[in-house]
Amino acid sequence: QVQLVESGGGLVQAGGSLRLSCSASGRTFSSYAMAWFRQAPGKEREFVATISWSGGSTDYADSVKGRFTISRDNAKNTVYLQMNSLKPEDTAVYYCAGSVWRVGVRPPAEYAYWGRGTQVTVSS
């Protein structure tokens, strides 16, 4: 049974920073790509960032490029999302997702495993 558990969400003022973590168990974490998605109220789930199995390749949505950084520690079975210069429009539930491929892609349908999400709220 694969489990992904997110943490690190919270309330922050615009311009602030948060670091999300996703702890994985139940599979060979280091062999697969991981990603972060987010979903705001009334909107569809959208791609935020993805990282390949080795950490050597990353991809970001244009809306977060230059502000967010995805990373992973395979020894700890954990993937991170460092979020800087946060904006009110970043407010959403953030989900960690595990792929069945070694390189990450953007469509959420390509991810077989999902966490329950962590709320990020950015006040103006």
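The figures that follow rest on heavy atoms only: side chains count, while hydrogens, waters and symmetry mates do not.
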Let me check something: do Val105 and Ile51 share a hydrophobic cluster, defined by ILVMFWY side-chain heavy atoms less than 4.5 Å apart, either directly or through other members? no
Rounded distance [0.5 Å steps], CG in Leu20 versus CH2 in Trp36: 4.5 Å
Output yes when a side-chain donor or acceptor of Thr78 lies under 3.5 Å from a complementary backbone atom of Ser23, and no otherwise. no
Only counting residues at least two apart or in another chain, list the ones meeting side chain to side chain contact (heavy atoms under 4.5 Å, CB included) with Ser124. Pro88
Partner residues of Glu89 under the side chain to side chain donor-acceptor pair (under 3.5 Å) criterion, sequence neighbours left out: none
When you look at CZ of Arg116, are more than 12 heavy atoms from neighbouring residues, nucleotides or ligands closer to it than 6.0 Å? no
With sequence neighbours excluded, give me every salt bridge (Lys or Arg N to Asp or Glu O under 4.0 Å) pair touching residues 39-58. Arg38-Glu46
Between the side chain of Arg102 and the main-chain N/O of Trp53, is any donor-acceptor distance below 3.5 Å? no
Filter on disulfide bond (SG atoms under 2.5 Å apart), then keep only pairs touching residues 19-124, sequence neighbours left out; what's left? Cys22-Cys96
For the side chain of Arg72 and the backbone of Ser52, is there at least one donor-acceptor N/O pair under 3.5 Å apart? yes
Using the test side chain to side chain contact (heavy atoms under 4.5 Å, CB included), find all partners of Asp59 that sit at least two apart in sequence or belong to another chain. Phe47, Thr50, Arg106
With the 4.5 Å side-chain cut-off for hydrophobic clustering, are Val2 and Val79 part of the same group? yes
Applying ring-ring contact (aromatic ring centres under 6.0 Å, His included) to Trp114 and not counting sequence neighbours gives Phe37
Minimum heavy-atom distance Phe29-Asp73, with the two atoms named: CE2-O, 4.1 Å
Residues passing the side chain to side chain contact (heavy atoms under 4.5 Å, CB included) test with Ser25, sequence neighbours excluded, are Gln3
Shortest non-hydrogen contact between Ala112 and Val100, atoms and distance: CB-CG1, 3.7 Å
Tracing side-chain links under 4.5 Å among I, L, V, M, F, W and Y, which residues wind up in one group with Tyr80? none
Please name the pair of heavy atoms, one in Leu4 and one in Ala24, separated by the smallest distance, quoted to 0.1 Å. CD2-CB, 3.5 Å
When hydrophobic residues are tied together by side-chain contacts of less than 4.5 Å, even through go-betweens, does Ile70 share a cluster with Val93? no
Nearest-0.5 Å distance, OG of residue Ser63 to CG of residue Asp90: 7.0 Å
Hey, could you give me the CD/OG1 distance between Gln119 and Thr91, rounded to the nearest 0.5 Å? 7.5 Å
Are the charged groups of Asp62 and Lys65 less than 4.0 angstrom apart, N to O? yes
Honestly curious: do Tyr111 and Val48 fall in one hydrophobic cluster under the side-chain, below-4.5 Å linking rule? no
Using a 4.5 Å cut-off between side-chain heavy atoms of Ile, Leu, Val, Met, Phe, Trp and Tyr, which other residues end up in the same hydrophobic cluster as Val103? none
Contacts of type side chain to side chain contact (heavy atoms under 4.5 Å, CB included), residue Thr69, not counting sequence neighbours: Tyr60, Gln82
Judged by atom type as modelled, is there a donor-acceptor pair below 3.5 Å linking the side chain of Tyr95 to the main-chain atoms of Ala35? no
Residues joined to Val5 in its hydrophobic cluster, side chain to side chain under 4.5 Å directly or through other members, sorted by chain and number, are none
Qualifying side-chain hydrogen bond (donor to acceptor under 3.5 Å, both in side chains) pairs, either residue in residues 6-22, two or more places apart: Ser17-Asn84
Intermediate values then yes/no, side-chain contact (heavy atoms from CB on, under 4.5 Å), Leu86 and Phe68: CA-CA 9 Å; Leu86 282 161; Phe68 290 11; 3.8 Å; yes
Cluster check Met34, Tyr32: I/L/V/M/F/W/Y, side chain < 4.5 angstrom: no
